[in-house]
J.: 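For reference, the structure I am asking about is given below.
No experiment lies behind these values; they were computed from the predicted model shown. Read the numbers this way: they start at 1 and go in the same order the structure lists the ligands and their atoms.
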Amino acid sequence: MKPTQPHPRDDVTSVVRASPNGEGSSSGTISRSKPIALITGATSGIGEACARRFLVGGYDVIATGRNAEKLSALSSEFPGRVTIVVADLENPEALRALIRDVVARHVYLDVLVNAAGVIGFDTVAGIRVEDLNRMMTLNVTTPVMLLQGCLPLLEAAKGAVVNVSSVAGTRAFPGIFSYCLSKAAIDQATRCAALELAARQIRVNAVNPGVIVTELHRRGGMADEAYRAFLEKAKSTHPIGRPGEPEEVAEAIWFLGTPASSFITGVTLAVDGGRAETCLR
Ligand SMILES: NC(=O)c1ccc[n+]([C@@H]2O[C@H](COP(=O)([O-])OP(=O)(O)OC[C@H]3O[C@@H](n4cnc5c(N)ncnc54)[C@H](OP(=O)(O)O)[C@@H]3O)[C@@H](O)[C@H]2O)c1
């Protein structure tokens, strides 16, 4: 892991207090000492690696997921640095409560990483509306509403948003129809939000990973044997010759989330060992 990168605003002692309803801002100045990142999906895979990357990099982290044990373990590893919010983000009330909680406790937010997500396996011929809705809810609606809810805090910090999309957002794959739709939608949400929020000095980018070794596919219903074969096949479908690791995606998220990328917004960055560049032949 790279050494801690100093944050250019570490020594900033005043920021504008944002109003909780997101309409404007005011009421004087607030001391701030540490950058803060809100990370969804912080209990597993890419989100968990990302939480560790930002903690090691000197950020305090608001970590959210459903698995309370995993969140407690992360908090014990970094005492006093992690705020835990256990929430099922498919539930709109839980999402609203998370936003209320974050806005009530914080006056700025440097980074929002939308890493929570689900995959399902379906085809256009066999699509089930409940599966489509579930993927659209968690992979699109939740990140967008979280961004909206955190706008005043992001503006106060001149912050950055990183959405975890997929190579399935930029390329078509058979057998993951709803997932491809949801990832294409979050890519477009990334670009549209980037344009709308640039004047407020909020940057919005996405990473588009190829196959990364996490729990995603097995949770989506892929059997262990099929998953082993899928990872084996990833050695040939990814020009670099292997699937990726969550830490490799976290490093790209770190770059897009921190001032190292201060002039980059609206980008969907492939983190896929060349996967998106391939064509069947
Ligand atoms: N792995 C890949 O090959 C790959 C490739 C491209 C893109 N991605 C994207 O990367 C992101 C992270 O996936 P991953 O691979 O790291 O998978 P993962 O290991 O399964 O992690 C998924 C995370 O999402 C959270 N989550 C799922 N449903 C939730 C819900 N209803 N409420 C709150 N949190 C929920 C999980 O929290 P709990 O464990 O606490 O339930 C977990 O932290 C996803 O958006 C995925 O589409 C993954």
Side-chain angles (χ1 to χ4, degrees), residues 38-53 61-75 84-99 112-121 130-131 133-146 162-171 173 176 178-187 189-190 206-222 227 230-231 233-234 237-238 242-250 252-253 268-273 275-276:
L38 166 57
I39 300 174
T40 71
T43 47
S44 181
I46 293 168
E48 184 180 356
C50 192
R52 289 214 159 74
R53 181 63 186 92
V61 166
I62 307 163
T64 181
R66 291 174 300 187
N67 188 327
E69 266 177 39
K70 294 284 295 275
L71 291 173
S72 296
L74 184 69
S75 171
I84 292 173
V85 185
V86 180
D88 180 347
L89 297 179
E90 268 181 75
N91 174 349
E93 186 41 49
L95 175 62
R96 281 193 287 273
L98 168 64
I99 293 167
L112 165 62
V113 179
N114 284 306
V118 282
I119 196 171
F121 301 96
E130 48 278 32
D131 295 337
N133 286 345
R134 177 162 184 256
M135 277 177 261
M136 292 304 282
T137 297
L138 203 60
N139 298 353
V140 186
T141 311
T142 296
V144 168
M145 297 317 292
L146 207 45
V162 186
N163 294 319
V164 181
S165 180
S166 167
V167 64
T170 53
R171 295 289 182 267
F173 295 92
I176 48 170
S178 299
Y179 185 72
C180 287
L181 289 193
S182 72
K183 293 303 184 179
I186 197 64
D187 281 352
T190 299
V207 289
N208 297 61
V211 173
I212 308 297
V213 184
T214 70
E215 297 303 316
L216 184 80
H217 298 90
R218 276 165 297 179
R219 283 177 165 188
M222 196 181 272
Y227 187 62
F230 177 66
L231 291 184
K233 192 173 171 211
T237 53
H238 294 65
R242 60 174 176 82
E245 296 297 332
E247 291 73 19
E248 294 178 288
V249 184
I253 295 171
T268 51
L269 177 66
V271 187
D272 65 356
R275 178 75 176 97

J.: Mind checking whether Ile119 contacts ligand 1 via backbone (N, CA, C, O), side chain (CB onward), both or neither, at a 4.0 Å heavy-atom cut-off?
T.: neither
J.: Which of the atoms of ligand 1 are close to Ser165, meaning less than 4.0 Å from one of its heavy atoms?
T.: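 Listed by number with element: 6 (C), 7 (C), 8 (N), 9 (C).
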J.: If you measure from each non-hydrogen atom of Glu48 to ligand 1, which part falls under 4.0 Å: side chain, backbone, both or neither?
T.: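 Neither; no heavy atom under 4.0 Å.
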J.: So which protein heavy atom does atom 31 (N) of ligand 1 come closest to, and at what separation?
T.: Asp88 OD1, 2.8 Å
J.: With respect to atom 33 (C) of ligand 1, which of Gly65, Ala116, Ala87 exhibits the smallest heavy-atom separation?
T.: Ala87
J.: Under 3.5 Å, is there a donor-acceptor pair between the Thr190 and Asn163 side chains?
T.: yes
J.: Any luck finding a side-chain donor-acceptor pair between Asn208 and Asp187 under 3.5 Å?
T.: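 A donor-acceptor contact under 3.5 Å links the two side chains.
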J.: By number and element, which atoms of ligand 1 are closer than 4.0 Å to a non-hydrogen atom of Asn67?
T.: 40 (O)
J.: If you measure from atom 42 (C) of ligand 1 to every heavy atom of Arg219, Glu215, His217, which option wins on shortest distance?
T.: Arg219
J.: Counting non-hydrogen protein atoms only, what is the nearest one to atom 8 (N) of ligand 1? Give residue, atom name and distance.
T.: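 Closest protein heavy atom to atom 8 (N) of ligand 1: Tyr179 OH, 3.6 Å.
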J.: Less than 3.5 Å between some nitrogen or oxygen of Leu89 and one of ligand 1, yes or no?
T.: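 Yes; at least one N/O pair falls below 3.5 Å.
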J.: Backbone or side chain, does any N or O of Ile46 fall under 3.5 Å from an N or O of ligand 1?
T.: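 Among all N and O atoms of Ile46, at least one is under 3.5 Å from an N or O of ligand 1.
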J.: Mark up the atoms of ligand 1 that fall under 4.0 Å of a heavy atom belonging to Ser44, in ascending order.
T.: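 In order of numbering, the contacting atoms are 16 (O), 18 (P), 19 (O), 21 (O), 42 (C), 43 (O).
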J.: Among all protein heavy atoms, pick the one closest to atom 12 (C) of ligand 1 and tell me residue, atom and distance.
T.: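 That would be Ala115 O, 3.0 Å.
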J.: Provide, to 0.1 Å, the distance between atom 45 (O) of ligand 1 and the closest protein heavy atom, together with that atom's residue and name.
T.: Lys183 NZ, 2.9 Å
J.: Identify the closest protein heavy atom to atom 27 (C) of ligand 1: which residue and atom is it, and at what distance?
T.: Arg66 NH2, 3.6 Å
J.: Considering only heavy atoms of Val211, which atoms of ligand 1 have at least one such atom less than 4.0 Å away?
T.: 3 (O)
J.: Which residue owns the protein heavy atom closest to atom 43 (O) of ligand 1, what's the atom, and how far is it?
T.: Thr43 OG1, 2.6 Å
J.: Specify the protein heavy atom at minimum distance from atom 48 (C) of ligand 1: its residue, its atom name, and the distance to 0.1 Å.
T.: Leu216 CD2, 3.6 Å
J.: Which residue and atom name correspond to the protein heavy atom nearest atom 23 (C) of ligand 1, and how close is it?
T.: Gly41 CA, 3.8 Å
J.: Please classify the Pro243 to ligand 1 contact at 4.0 Å (heavy-atom distances, strictly less than): side chain, backbone, both or neither.
T.: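 The answer is neither; Pro243 stays 4.0 Å or more away.
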